[in-house]
Amino acid sequence: MCYHSSITKSREELEAAFDARFAEPQDYQPIFHGNGFTFLRWPVITAEHPKLIQGYHWGLIPFWCKSREAADELRVHTLNAVSETVFEKPSFKHCIRQKRCLVLSSGFFEWRTSGKLKYPYFVTLKSRELFAMAGLYDRFTDQQTGEVIDTFTVLTTPANALMEKIHNSKKRMPAILKKDQEQEWLLGELNKTAFYRLITPYDTNDMQAYSISKRITSRSENSNVPEVLAPHHYEALND
DNA sequence: CCAGACGTTGTT
DNA sequence: GTCTGG
DNA sequence: CCAGACGTTGTT
DNA sequence: GTCTGG
């Protein structure tokens, strides 16, 4: 799963890493911690505009939603999409052919359960480079108000060995694309076989994770600050 | 996902 | 829009 | 036929 | 314990 993510590189670094330009450069600010349940705007690259980095709302709302109320109920549950079942799910199946996207990130957050307590971890590539998670996107129009909402979801795969160590998320992890597979995900003609050749658990040896403080879920202090990413040791954890 | 509320009456 | 359950 | 759902995670 | 809100 992946409900909390981070993207801390500069606008220039993102544009260089993905060979694309921000549609609205003035809107981009690094996000140290973003909570998907706030449906915040996040940098993505869509199949429709592969040379643009755009801000889409996390939590996919299918085009067929009949009302804003129905959309608000559904989007809570579509922050992630189980890759093994997306070809069958009404919320996602129509996106697979033409509405795949790259969800840009420099790291994401998971919780490890130990005893009765949960401890947050920050997960990155060992290289600390930017990466792209495989996503799907859609556009919803509220027929009452005319409001248009562009949204996306992050595909998940079974956990690799590193993610299994973080108890709370041992079963699932976001689908991270290898750098040389990003363009095929975005623009390829993908049948089921080709789709699942790209959507696999990322190589454990190229990832790292460390525990961080609980600032990330503080309600009294802003969690979107650099300090949220600082390593934090817990006596209760043996690492 | 986690944090925080979870209740009533009456009203600066 | 499309599928399932009654 | 129509009505209603449409989704994810975890269970140390 | 369980639900709501972010």
Side-chain angles (χ1 to χ4, degrees), chain A residues 1-6 31-42 57-99 103 105 107-123 133-143 149 151-159 163-175 199 201 209 211-225 228 232 234-239:
Chain A
M1 80 236 192
C2 178
Y3 297 147
H4 299 258
S5 190
S6 185
I31 302 168
F32 300 98
H33 166 237
N35 178 348
F37 288 93
T38 63
F39 315 116
L40 75 172
R41 291 180 76 209
W42 197 269
H57 292 273
W58 198 347
L60 188 143
I61 304 171
F63 74 97
W64 46 254
C65 257
K66 292 180 180 70
S67 67
R68 180 56 193 265
E69 290 68 31
D72 286 343
E73 284 186 17
L74 192 52
R75 72 197 308 201
V76 180
H77 305 288
T78 55
L79 301 175
N80 291 170
V82 173
S83 59
E84 296 93 318
T85 59
V86 282
F87 281 82
E88 288 85 47
K89 297 292 183 182
S91 291
F92 304 129
K93 58 189 298 185
H94 63 280
C95 304
I96 292 172
R97 205 170 125 73
Q98 296 288 345
K99 293 183 181 296
V103 181
S105 178
F108 59 93
F109 303 90
E110 297 290 3
W111 278 259
R112 175 179 174 186
T113 302
S114 178
K116 287 184 176 176
L117 298 177
K118 297 185 174 190
Y119 303 90
Y121 280 68
F122 185 51
V123 186
M133 301 185 286
L136 302 172
Y137 68 95
D138 205 357
R139 166 170 288 187
F140 164 75
T141 303
D142 184 336
Q143 297 302 324
I149 311 179
T151 62
F152 70 93
T153 188
V154 174
L155 297 190
T156 65
T157 71
M163 297 309 299
E164 281 183 2
K165 281 194 215 160
I166 300 174
H167 281 214
N168 218 27
S169 56
K170 62 182 163 188
K171 291 192 172 173
R172 309 294 300 174
M173 65 181 285
I199 302 302
S211 54
I212 57 172
S213 81
K214 298 191 180 185
R215 174 71 180 264
I216 181 175
T217 42
S218 171
R219 290 288 164 91
S220 53
E221 294 183 290
N222 180 10
S223 68
N224 187 19
V225 293
V228 80
H232 187 276
Y234 293 96
E235 286 301 329
L237 295 174
N238 298 316
D239 61 0

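Being a predicted model, the structure only gives us computed values, none of them experimental. Proteins come first, then strands; the chains are lettered A, B, ... in the order of their sequence lines, and each starts at number 1. Note: hydrogens, waters and symmetry copies are ignored here, and every other heavy atom, side chains too, is used.
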Are the side chains of [Y] and [X] in contact, using a 4.5 Å heavy-atom criterion?
X        : Y        : result
A:Met173 : A:Cys2   : no
A:Phe39  : A:Ile61  : no
A:Lys89  : A:Val82  : no
A:His232 : A:Tyr119 : no
A:Val123 : A:Ile166 : yes

Mind listing the N/O atom pairs, protein and nucleotides 3-6 of chain E, below 3.5 Å?
unit_1, atom_1, unit_2, atom_2, d
E:dG5, N2, A:Arg219, NH1, 3.3
E:dG5, N2, A:Arg219, NH2, 2.2
E:dG6, N2, A:Asn35, ND2, 3.0
E:dG6, N3, A:Asn35, ND2, 3.4

Between [N] ([atom2]) and [X] ([atom1]): distance, integer Å:
X        : N      : atom1 : atom2 : value
A:Met173 : D:dG10 : CE    : P     : 13 Å
A:Lys93  : D:dA5  : NZ    : P     : 19 Å
A:Leu136 : D:dT8  : CG    : P     : 11 Å
A:Leu60  : D:dT8  : CG    : C1'   : 13 Å
A:Leu117 : B:dC1  : CG    : P     : 16 Å
A:Arg112 : B:dC2  : CZ    : P     : 14 Å
A:His33  : B:dC2  : NE2   : P     : 11 Å
A:Lys116 : D:dT12 : NZ    : P     : 12 Å

Let me know which of A:Ser5, A:Ser223, A:Ser6 forms a side chain to side chain contact (heavy atoms under 4.5 Å, CB included) with A:Phe109.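 Among the candidates, only A:Ser6 passes.
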Positive for side chain to side chain contact (heavy atoms under 4.5 Å, CB included) with A:Val86, one of A:Thr156, A:Thr153, A:Ile96, A:Ile199: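 Testing each of A:Thr156, A:Thr153, A:Ile96, A:Ile199 against A:Val86, the sole residue satisfying side chain to side chain contact (heavy atoms under 4.5 Å, CB included) is A:Ile96.
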Using the [atom1] atom as the reference point in each nucleotide, state the distance between [N] and [M] in Å, no decimals.
N      : M      : atom1 : result
B:dT9  : E:dC3  : C1'   : 24 Å
B:dA3  : D:dT11 : P     : 15 Å
D:dG10 : E:dT2  : C1'   : 16 Å
D:dT8  : B:dC1  : P     : 13 Å

Name the nucleic acid region contacted by [X], choosing base, sugar-phosphate or nothing; use a 4.0 angstrom heavy-atom cut-off, strictly under.
X       : answer
A:Lys89 : sugar-phosphate
A:Ala70 : nothing
A:Phe39 : nothing
A:Phe92 : sugar-phosphate

Tell me, yes or no, whether the heavy-atom count around A:Arg139 atom CZ, taken from other residues, nucleotides or ligands under 6.0 Å, exceeds 12.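 No, the 6.0 Å shell around CZ holds no more than 12 heavy atoms from other groups.
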Within 6.0 Å of CD in A:Glu84, more than 12 heavy atoms from elsewhere: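 Check passes, neighbour count above 12.
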Is there a donor and acceptor pair, one atom on the side chain of A:Lys66 and one on the base of D:dG4, closer than 3.5 Å?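 Answer is no: no donor-acceptor pair is held.
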Minimum heavy-atom separation for A:Gly34 to A:Trp42, with atom names?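 For A:Gly34 and A:Trp42, the tightest heavy-atom pair comes out as CA-CZ3, 4.1 Å.
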Taking all non-hydrogen atoms of both residues into account, name the closest pair between A:Thr151 and A:Leu60 and its distance.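 The pair with the smallest heavy-atom distance is OG1-CA, 3.3 Å.
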Would you indicate, yes or no, if [N] has its OP1 or OP2 atom less than 4.0 angstrom from a side-chain nitrogen or oxygen of [X]?
X        : N      : value
A:Lys118 : B:dC2  : yes
A:Thr156 : D:dT9  : yes
A:Ser114 : D:dT12 : no

Where the side chain of A:Lys171 is concerned, which of D:dG10, B:dC2, D:dT9 is the nearest nucleotide?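 Nearest to the side-chain atoms of A:Lys171, counting from C-beta on, is D:dG10.
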Among D:dT11, D:dG10, C:dG1, find the nucleotide with the atom closest to the side chain of A:Thr113.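 Taking heavy atoms from C-beta onward, the closest nucleotide is D:dT11.
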Stems where DNA chain B pairs, listed by first number, each of three or more Watson-Crick or G-U pairs under 3.5 Å: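 Expected stems, ordered by start: B:1-6 with E:1-6.
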